[in-house]
Structure formats: C-alpha cells, structure tokens
Amino acid sequence: MSIRHGLLALLERSPMYGYQLRHEFERSTGATWPLNVGQVYTTLARLERDGLVEQTGESDEDGKVVYRLTDAGHAELTGWFATPLGGSDRPRDELAIKVALALTTPGVDVRSVLQTQRTATLRHLQELTRLKAVADGSEDTAWLLVLDSMIFRAEAEVRWLDHSETRLARLATTPRPATPATPGTPAPPVHATETDRAVRR
C-alpha cells in the first residue's frame, strides 16, 4: 500500500489537515506503518500537484491547511481499490534474498542465519498474538484485519524457515554424483549448485 493511496482513502471520508491524516492513517492500520508528518505533507504536495487533492481555502484555529479530494482523486482511489496487486507491485522478499546470498558467501553459516531469524519471527508472532487478544472485536475491525494479515505472514515465514533448514540438512547428507574430470576443464562451482537446489521447489 502506498502512502499516496492511503491519504486519498482518508480524504474520501472528509477533508483533513496533515496531522489529522497522520493520526487517522496510524489509527486505521494499528500503527503498523508509522508515518512522520513530513512524509504526509510531502505526499500531499505531490497529490496537489497532480490534481488529486486541493486546499479547501479554510484552516483550523491553529492555521493548519485543510485538504480535500478532487474528482480526479476520487477516480484514482476508485481505480486503486478495483485493481488487484500483482507480484511486481510488492516489495522484494529481503529475507529470501538474504538467505540465498548467505548460501554463496564465504564464512557465513546459513543455518545460523535461519535459526536467528526464526527466533525473531516467533517472538514477533507472539507479540502480534498478544495484541490480537486484547483488541476489541467490535471497535477495532480494521486493526484486527491488519493484525490477521501480519500473523498469517509471520506463520508462513516460520514454515518457510523450517522448510529451508530441512532442505539444507537433506542437501548436506546427499552424496554428490561423481563427475569425470577433464584435463583443462574447471570443476563446476559448488556454491552455485547448492543455491540452485536450495531455492528450487
């Protein structure tokens, strides 16, 4: 989710100024994506430049500028909600890349990398489960949906880490097929073969 579309969604509710938008964004997402007010105003400036929001011409008692959605902004938001996210629209999986690189980096114990991450992910999962237990099911529906998504992702990450560790253990006990040596021909790189096997399902 981009901050851009998050702010458009909030302005669909009613006109707001920057600090209100930051507060409502964090409240709606359970503060899982903290924003600083500088990000909010930078994004508002771009949205105004693109004709998606405009100033109402009014300000609150403290002189803060109030913004509202334009017709073009409403159309942009409607299109965003109607369009499914594709794989290329989401951030790369940094953990998968980290593990893949650990396999081919000299001196790195990839099993230690997996175990350290597993401990941290389980700790995070426990904290998410605690937050879900104390949430109000009738008042915090949006927050609970975000929490559920985070819990499912953490559970999937733990399963992937377990799977990766099992695959590596199996790989370590599987004898490599003997390859006849040809004079003057370099042997194939071991790490490249291991990486290919480890990441292939």
Side-chain angles (χ1 to χ4, degrees), residues 1-10 13 18-43 77 80-81 83-173 191 194-201:
M1 172 180 171
S2 67
I3 298 173
R4 171 188 178 94
H5 290 104
L7 298 187
L8 290 177
L10 293 173
R13 302 180 191 174
Y19 281 93
Q20 281 180 306
L21 286 165
R22 183 185 69 168
H23 173 74
E24 289 301 315
F25 186 95
E26 293 184 352
R27 190 177 71 85
S28 297
T29 60
T32 56
W33 189 348
L35 290 181
N36 63 59
V37 76
Q39 286 177 291
V40 173
Y41 279 109
T42 298
T43 305
L77 181 64
W80 180 65
F81 278 125
T83 305
L85 292 177
S88 61
D89 298 323
R90 307 181 193 191
R92 292 182 177 88
D93 189 335
E94 184 176 351
L95 176 58
I97 295 171
K98 182 179 182 179
V99 170
L101 290 173
L103 277 168
T104 55
T105 302
V108 176
D109 182 353
V110 66
R111 291 176 181 81
S112 176
V113 172
L114 291 170
Q115 291 165 5
T116 299
Q117 184 63 50
R118 187 178 188 279
T119 298
T121 303
L122 283 172
R123 189 179 299 119
H124 180 54
L125 181 57
Q126 290 169 353
E127 176 62 15
L128 293 173
T129 303
R130 185 191 67 78
L131 290 173
K132 183 176 180 179
V134 300
D136 186 327
S138 60
E139 297 292 330
D140 298 331
T141 303
W143 169 216
L144 282 168
L145 288 173
V146 173
L147 264 179
D148 284 339
S149 174
M150 296 172 71
I151 288 171
F152 293 153
R153 272 203 307 273
E155 290 173 341
E157 184 167 288
V158 170
R159 289 197 300 273
W160 179 77
L161 290 164
D162 289 344
H163 168 79
S164 298
E165 194 166 6
T166 300
R167 183 183 288 272
L168 288 173
R170 191 164 57 238
L171 182 66
T173 59
H191 287 308
E194 290 179 351
T195 301
D196 186 51
R197 290 178 179 174
V199 299
R200 185 184 300 130
R201 292 184 179 274

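We're numbering straight along the sequence, starting at 1.
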Next on the checklist: Under the criterion side chain to side chain contact (heavy atoms under 4.5 Å, CB included), I'd like the reasoning laid out for L131 against W143: C-alpha separation, chi angles, the key distance, then a yes or no.
Outcome noted: CA-CA 10 Å; L131 290 173; W143 169 216; 4.1 Å; yes
Checklist entry - Do E157 and Q117 pass the side chain to side chain contact (heavy atoms under 4.5 Å, CB included) test, and can you show the C-alpha distance, the side-chain angles, and the key distance before you say yes or no? => result CA-CA 9 Å; E157 184 167 288; Q117 184 63 50; 3.4 Å; yes
Checklist entry - Backbone N or O of S112 within a donor-acceptor pair of the Q115 side chain at under 3.5 Å? => result no
Checklist entry - Applying salt bridge (Lys or Arg N to Asp or Glu O under 4.0 Å), which residue pairs with at least one partner in residues 102-112 are found, sequence neighbours left out? => result none
Next on the checklist: Please list all pairs meeting salt bridge (Lys or Arg N to Asp or Glu O under 4.0 Å) that have one or both residues in residues 116-134, counting only residues at least two apart or in different chains.
Outcome noted: R118-D162, E127-R130, K132-D148
Distance (rounded to the nearest 0.5 Å) between [X] [atom1] and [Y] [atom2]:
X    : Y    : atom1 : atom2 : answer
L35  : L21  : CG    : CG    : 9.5 Å
W160 : T121 : CH2   : OG1   : 10.0 Å
I3   : T42  : CD1   : OG1   : 9.0 Å
L114 : E165 : CG    : CD    : 6.0 Å
E155 : L122 : CD    : CG    : 10.0 Å

Item to check | Check against side chain to side chain contact (heavy atoms under 4.5 Å, CB included), L147 and T129 | outcome: CA-CA 8 Å; L147 264 179; T129 303; over 6 Å; no
Checklist outcome for this item: Applying side chain to side chain donor-acceptor pair (under 3.5 Å) to T43 and not counting sequence neighbours gives none
Item to check | side chain to side chain donor-acceptor pair (under 3.5 Å) partners of S149, counting only residues at least two apart | outcome: R153
Checklist entry - In terms of the angle between their ring planes, are Y41 and Y19 parallel, tilted or perpendicular, with boundaries placed at 30° and 60°? => result perpendicular
Checklist outcome for this item: V113 and A102 have their tightest heavy-atom pair at CG2-CB, 4.4 Å
Checklist outcome for this item: Smallest heavy-atom separation, A9 atom then F81 atom, equals CB-CZ, 4.2 Å
Next on the checklist: Working note: T105 + V110, criterion side chain to side chain contact (heavy atoms under 4.5 Å, CB included); need CA distance, chi angles, decisive distance, verdict.
Outcome noted: CA-CA 9 Å; T105 302; V110 66; over 6 Å; no
Checklist entry - Who pairs with A156 by side chain to side chain contact (heavy atoms under 4.5 Å, CB included), at least two apart in sequence or on another chain? => result R159
Item to check | Which residues share a side chain to side chain contact (heavy atoms under 4.5 Å, CB included) with E24, sequence neighbours left out | outcome: L10, R13, M16, R27
